[in-house]
Amino acid sequence: LVDLECLNDLVAQYLPKLHKHIIRNIGGVSVVAVSWLMCLFINDLPWESTLCAIDLILAEGTRGILVIALSIFHACSDKILSETGDELMQLVKNELTENIDPLKLTKFIAHYESEISSTSISLLRAKHLPKFLQDNGDNEQETPANSVTTDSDASETTEKLSLIHI
């Protein structure tokens, strides 16, 4: 959940027109990306791109996941912007992989790898983590995620980031 919020922020920052279009037509980035992040892009990318994605995820972790997801949005932005309503929902749920050019995707991944630092991802996660912890504070079962208390200390928040990953 935290990483979906981070992805939403990245799409809003780097692809604002696309972000507004997705919000207006299907409700948000998470509608499209939740399966990507949960399944690490398996069955959502052409096979050769899936193998490269897994390699990047193993090397970079959350940063790799977010870079790939942002790159998919960018690589498919023209097609996404050309659809609305039910047609857009059909596209993003069932047909998006057919519209991904692996060479174009690789170009965008390389671009965003140089643009988005691990520090910027940590800061985004620190921004959204307290809300996630607060929303789950009603859970009576003690877990590492809800036993952590939040404060404004950045180093302590960074340590907490390692506790919650998609």
Side-chain angles (χ1 to χ4, degrees), residues 1-19 22 28-81 91-133 135-136 143-148 150 153-166:
L1 296 176
V2 172
D3 291 338
L4 283 170
E5 291 297 323
C6 294
L7 179 59
N8 184 63
D9 285 0
L10 290 170
V11 174
Q13 177 181 349
Y14 289 99
L15 304 166
K17 183 177 177 182
L18 183 73
H19 183 261
I22 290 171
V29 169
S30 63
V31 172
V32 181
V34 69
S35 69
W36 298 350
L37 275 61
M38 289 179 65
C39 298
L40 301 178
F41 308 99
I42 295 178
N43 296 325
D44 291 310
L45 292 173
W47 184 243
E48 64 189 47
S49 298
T50 299
L51 296 176
C52 293
I54 291 170
D55 187 48
L56 181 61
I57 293 164
L58 290 173
E60 297 287 337
T62 299
R63 179 178 168 268
I65 293 169
L66 295 173
V67 163
I68 294 164
L70 183 61
S71 298
I72 292 171
F73 277 118
H74 201 150
C76 298
S77 61
D78 290 340
K79 184 66 177 167
I80 293 170
L81 289 168
L91 170 72
V92 299
K93 289 293 187 183
N94 302 314
E95 302 168 9
L96 200 58
T97 57
E98 299 166 12
N99 291 285
I100 296 175
D101 174 356
L103 295 176
K104 196 174 185 182
L105 179 61
T106 301
K107 179 183 101 171
F108 288 122
I109 288 172
H111 170 75
Y112 288 118
E113 274 189 288
S114 67
E115 285 282 317
I116 300 169
S117 69
S118 295
T119 302
S120 65
I121 297 301
S122 293
L123 291 172
L124 281 174
R125 295 189 94 239
K127 172 184 167 185
H128 294 292
L129 183 61
K131 179 186 180 300
F132 177 78
L133 293 174
D135 288 349
N136 290 306
T143 66
N146 67 17
S147 66
V148 176
T150 61
D153 183 75
S155 64
E156 190 171 324
T157 302
T158 303
E159 289 174 13
K160 292 174 198 170
L161 293 176
S162 65
L163 297 176
I164 299 176
H165 289 282
I166 289 182

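Values reported hereafter were calculated over all heavy atoms of this structure, with side chains retained and with hydrogens, waters and symmetry mates removed.
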With heavy-atom distances below 4.5 Å as the criterion, would you say the side chains of [X] and [Y] are in contact?
X	Y	answer
I116	L10	yes
L105	I109	yes
L124	E5	no
L58	I54	yes

Looking at [X] and [Y], what are the two nearest heavy atoms and their distance?
X	Y	answer
I100	C76	CG1-SG, 3.4 Å
S71	V67	OG-O, 2.7 Å
S118	R63	OG-CD, 3.5 Å

From [X] [atom1] over to [Y] [atom2], what is the distance, rounded to the nearest 0.5 angstrom?
X	Y	atom1	atom2	value
R125	D9	CZ	CG	12.5 Å
C6	L129	SG	CG	9.0 Å
N8	D3	CG	CG	12.5 Å

Would L7 and I65 count as a side chain to side chain contact (heavy atoms under 4.5 Å, CB included) if you check the C-alpha gap in whole Å, the side-chain angles of each, and the deciding distance to 0.1 Å?
CA-CA 9 Å; L7 179 59; I65 293 169; over 6 Å; no
Under the salt bridge (charged side-chain N to carboxylate O under 4.0 Å, His left out) test, residues paired with K79 that sit two or more places apart
E83
Walk me through it: do L18 and I22 pass the test side chain to side chain contact (heavy atoms under 4.5 Å, CB included)?
CA-CA 6 Å; L18 183 73; I22 290 171; 3.9 Å; yes
Considering only distance and modelled atom types, tabulate donor-acceptor pairs under 3.5 Å from the side chains of residues 28-47, sequence neighbours left out.
none

Determine whether the aromatic ring centres of Y14 and F73 lie less than 6.0 Å apart.
no
Evaluation steps, side chain to side chain contact (heavy atoms under 4.5 Å, CB included), between L56 and I68
CA-CA 9 Å; L56 181 61; I68 294 164; 3.7 Å; yes
